[in-house]
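Down below is the structure, laid out as structure tokens.
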Amino acid sequence: MARRRKIYEGKAKVLFEGPEPGTIVQYFKDDATAFNNQKQGVITGKGVLNNRISEFLMMRLSETGIPTHFVRRLNMREQLVKEVEIIPIEVVVRNMAAGSFSERFKMEEGTPLPRSIVEYYYKNDELGDPLVTEEHITAFGWANPPEIDDMLSLSLRINDFLSGLFMGVGLRLVDFKLEYGRLYKDDQVRIVLADEITPDGCRLWDMKTNEKMDKDRFRRDMGSVAEAYQEVARRLGILPELGPRDLRAPLTLHDAAQ
Ligand code: TMP
Ligand code: ASP
């Protein structure tokens, strides 16, 4: 495959120009960061697992009528997606208190919330992704009111669907983060789900043991991080296709892109 132009390199993914106009290739790395890049590490095999997990979840969501950027998986670490203009907002949906919410409200992790709570964070590393309100989003022009309405209603539908899907495999969806993009087609713009849905941006707890099966294992130095991601993939029924060799780190980014 010819070398492709790198468009952007983030903490966990690299974006390349896609084969046709209006497409992007998302390459999933094994790199992990936490606390706004203060903690860095490698979770061997994470990229391969996240590529599969995000493919699976985006496809299931799309079948239920949620518009997404996902087109198809290309290989072990890459997927083709539609090019969108990313809205610089992280939409977090919470079903139970955990993480920063537990700290902010002095609420024990795992405390059920009266209803699902949606929060918005401004995507800005320098500022440490601050919590913002609709007022900030509209005043600074990050998104307009109809776009915020779309993101809110899609996020709640995604939460209902994914909570049920994970419950079916014995996992509790405690909270998760979504990103959206503007998809331009002809004269129309619409909001679609973008980025990824993986254990990097979700809290997933085993329903029987409350064991954490997500990136908190890395954030909190709990060990067995790759094993937890593998177990999530196994429960979703997508691990059998992968052999142990497939989860090894690639030699270089370019080798893996072949
Ligand atoms: P928080 O409790 O740290 O605010 O995180 C809430 C959820 O959002 C959790 O599932 C992890 C996810 N998340 C990200 O994906 N990226 C981020 O930068 C942060 C802060 C959280
Ligand atoms: N992904 C964010 C970071 O790298 C925060 C997190 O997931 O904890 O810093």
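Both counts, for ligands and for their atoms, begin at 1 and track the order of listing. Numbering starts at 1 and runs along the sequence shown.
Residue contacts with ligand 1: D175 is placed with a nitrogen or oxygen under 3.5 Å of a nitrogen or oxygen of the ligand (distance criterion only).
At least one donor-acceptor pair closer than 3.5 Å links the side chain of R77 to the backbone N or O of F28. D150 places no side-chain N or O within donor-acceptor distance of the main-chain N or O of I191, the cut-off being under 3.5 Å. In this structure, the side chain of Q188 does not engage the main chain of K185 through any donor-acceptor pair within 3.5 Å.
Nearest to atom 19 (C) of ligand 1 among the protein's heavy atoms is E90 OE1, 4.2 Å.
Residue R203 has at least one heavy-atom neighbour below 4.0 Å for each of these atoms of ligand 1: 1 (P), 2 (O), 3 (O), 5 (O), 6 (C), 9 (C), 10 (O). The A98 neighbourhood of ligand 1 comprises atoms 2 (O), with distances under 4.0 Å to a heavy atom of that residue. Within ligand 1, the atoms closer than 4.0 Å to a non-hydrogen atom of C202 are 10 (O), numbered from 1 in the order shown. If you number the atoms of ligand 1 from 1 as listed, the ones under 4.0 Å from a heavy atom of G201 come out as 10 (O), 12 (C), 15 (O).
Note on ring orientation: taking the six-membered ring where Trp is involved, the planes of F105 and F101 are tilted (angle from 30° to 60°).
For S100, the side-chain hydrogen bond (donor to acceptor under 3.5 Å, both in side chains) test picks out R94, with sequence neighbours left out.
The salt bridge (Lys or Arg N to Asp or Glu O under 4.0 Å) with D200 is formed by just one residue from the set K46, K215, K11; it is K46.
Of the heavy atoms in K215, none comes closer than 4.0 Å to ligand 1. Contact annotation for D129 and ligand 1: only side-chain heavy atoms (C-beta onward) come within less than 4.0 Å of the ligand. Neither the backbone nor the side chain of E196 has a heavy atom within less than 4.0 Å of ligand 1.
Salt bridge absent: E231 and R217 never bring a charged side-chain N and a carboxylate O closer than 4.0 Å. By the 4.0 Å N-to-carboxylate-O rule, E227 lies too far from R234 to be salt-bridged with it.
Few gaps surround CD on E63; more than 12 heavy atoms of other groups in view lie less than 6.0 Å from it.
The shortest distance between side-chain heavy atoms of L239 and L49 falls below 4.5 Å. A 4.5 Å side-chain heavy-atom check between L61 and F161 finds at least one atom pair inside the cut-off. A 4.5 Å side-chain heavy-atom check between Y121 and V92 finds at least one atom pair inside the cut-off.
At least one heavy atom of R94 sits under 4.0 Å from some atom of ligand 1.
Atom 21 (C) of ligand 1 lies below 4.0 Å from none of the non-hydrogen atoms of the protein.
Protein residues with a heavy atom closer than 4.0 Å to ligand 2 are K11, T33, A34, F35, N36, N37, K215, R219, listed by chain and number.
For the residues S100, G128, G99, A34, the heavy atom positioned nearest atom 1 (P) of ligand 1 is part of S100. Between atom 11 (C) of ligand 1 and the options K177, E179, R219, the minimum heavy-atom separation is to R219.
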